[in-house]
Amino acid sequence: MNRSLVWGIALIILLGGAALAGRASRAPAKPAPPALVDAELARCRTADQGDLACRAAWAAARDRFFGRPAS
């Protein structure tokens with residue numbers, strides 16, 4: 001086998017392992033207790049569109065549903 005081919009394969013394996021290790025070391029975000037979130041969203045179902053707390057609650061619910069990290 002060609003020497004550069006062996007080094008290229010080794011480099012790809014090492015970079016892939018490093019990427020997987022870096023991804024696994026991140027701490028998962030703590031989700032809010034479901035009872036509190038559900039109560040807030042239930043209140044927001046009848047609130048008007050100008051309620052900023054409801055907008056934040058709906059944004060957090062969307063982020064949690066789609067698996068995005070909390071901001």
Side-chain angles (χ1 to χ4, degrees):
M1 239 191 238
N2 191 351
R3 229 179 177 179
S4 61
L5 180 63
V6 171
W7 281 108
I9 292 171
L11 181 63
I12 289 172
I13 291 171
L14 286 173
L15 288 175
L20 290 175
R23 197 171 92 191
S25 67
R26 291 187 200 148
K30 287 185 174 182
L36 295 176
V37 173
D38 291 341
E40 180 68 14
L41 292 178
R43 181 189 72 79
C44 290
R45 285 189 189 108
T46 59
D48 64 357
Q49 292 181 353
D51 191 345
L52 295 178
C54 287
R55 286 186 182 197
W58 282 113
R62 275 192 307 276
D63 289 344
R64 196 172 48 257
F65 177 79
F66 289 114
R68 291 181 251 175
S71 53

Other hydrophobic cluster members with [X], side-chain heavy atoms of Ile/Leu/Val/Met/Phe/Trp/Tyr under 4.5 Å, chained?
| X | result |
| --- | --- |
| Trp7 | none |
| Leu15 | Leu11 |
| Leu52 | none |

**Request:** Using the test side-chain hydrogen bond (donor to acceptor under 3.5 Å, both in side chains), find all partners of Arg55 that sit at least two apart in sequence or belong to another chain.
**Result:**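 Listed in chain order: nothing, the list is empty.
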**Prompt:** When rounded to the nearest 0.5 angstrom, what is the spacing between CG in Leu14 and CD1 in Ile9?
**Reply:**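 Leu14 atom CG to Ile9 atom CD1 measures 12.0 Å (nearest 0.5 Å).
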**Between SG on residue Cys54 and CZ on residue Arg45, distance to nearest 0.5 Å** =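 Answer rounded to 0.5 Å: 10.5 Å.
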**Complete:** Heavy-atom closest pair (Ala61 atom, Leu41 atom, distance to 0.1 Å) is CB-CD1, 3.9 Å
**Results of side-chain contact (heavy atoms from CB on, under 4.5 Å) for Ala59 - residues two or more places apart only** = Arg62
